[in-house]
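First comes the structure, then the notes that go with it.
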Amino acid sequence: MTHVRNAALALVALLLVVAGVWASWASAQHVLLGKGREHGTLTVTACGEDSCSGRYVPGEPGGERRTLSIGRSVAAGPGMTIPVVVKPGTDEGVRAGWGGGLHAWLPLGGALLLAAPLVGGGLRSPRTAWSLAGLGAGLLVATFFAL
């Protein structure tokens with residue numbers, strides 16, 4: 001019976017981490033695989049509940065200036081200039097650079113923190129649990145300081 005319980009807890013912990021990677025990859029792919037994508041800066045003019053928008057200036061001369069939106073974060077407010085990567089085929093940008101890369105992986109950091117008590121308490125692997133919690137917390141703290 002303990003093998004079934006351990007397998008179920010391991011499956012739930014694995015599911016949490018996979019869901020964190022899946023949720024993070026939607027934004028992270030544009031930052032990590034940014035070669036060949038449109039880069040520039042976004043000057044934020046207005047922010048709503050979920051997103052901020054503003055004037056986009058491409059990094060390459062002769063590019064099209066237009067209005068872009070970006071997911072809202074506490075580090076983006078009106079008047080700020082943010083380096084962005086444009087999602088192909090949309091008018092949506094993703095924060096570029098170290099801050100953007102770390103910000104994109106925030107869901108994974110939260111998933112690691114959620115999986116740590118399952119691994120530590122349920123599977124009785126405290127070293128692995130502390131490692132997961134340390135990685136998750138480290139990612140959250142690094143993102144805080146990078147933004």
- Query: Ser69 versus Cys52: any side-chain heavy-atom pair under 4.5 Å?
  - Reply: no
task: State, yes or no, whether a side-chain contact exists between Arg95 and Ser27 at a heavy-atom distance under 4.5 Å.
output: no
Between the CE atom in Met80 and the OG1 atom in Thr41, the distance rounded to the nearest 0.5 Å is 12.5 Å
| query | Does Thr90 reach the main-chain N or O of Lys87 with its side chain, forming a donor-acceptor pair under 3.5 Å? | reply | yes
For Leu112, the hydrophobic cluster (side chain heavy atoms closer than 4.5 Å, chained through members) also holds Leu9, Val12, Leu16, Val17, Val21, Trp25, Leu32, Leu33, Leu102, Trp105, Leu108, Leu114, Leu118, Val119, Leu123, Leu132, Leu135, Leu139
The reported gap from CD1 in Ile70 to CD1 in Ile82 (rounded to nearest 0.5 angstrom) is 5.0 Å
Quick one: are Leu68 and Val86 in side-chain contact, heavy atoms under 4.5 Å? yes
Using modelled atom types only, decide if a donor and an acceptor are shared between the side chain of Thr45 and the backbone of Ser53 within a distance under 3.5 Å. yes
On a heavy-atom basis, the closest approach of Gly97 and Val31 is O-CG1, 4.0 Å
Heavy atoms of Ala115 and Ala13 approach each other most closely as CB-O, 4.1 Å
When rounded to the nearest 0.5 Å, the distance separating CZ of Arg37 from CD of Gln29 is 6.0 Å
In short, side chain to side chain donor-acceptor pair (under 3.5 Å) pairs touching residues 123-147 with sequence neighbours left out are none
d(Phe144 CZ, His103 NE2) to nearest 0.5 Å is 12.5 Å
Check your understanding: Is there side-chain contact between Glu38 and Pro58, with heavy atoms separated by less than 4.5 Å?
Key -> yes
(request) Would you check if the side chain of Arg66 reaches a backbone N or O of Val57 as a donor-acceptor pair within less than 3.5 Å? (result) no
Closest non-hydrogen contact found for Ala129 with Ala116 is CB-O, 3.2 Å
Is there a side-chain contact between Tyr56 and Val84 in this structure, where contact means two heavy atoms from C-beta onward sitting under 4.5 Å apart?
yes
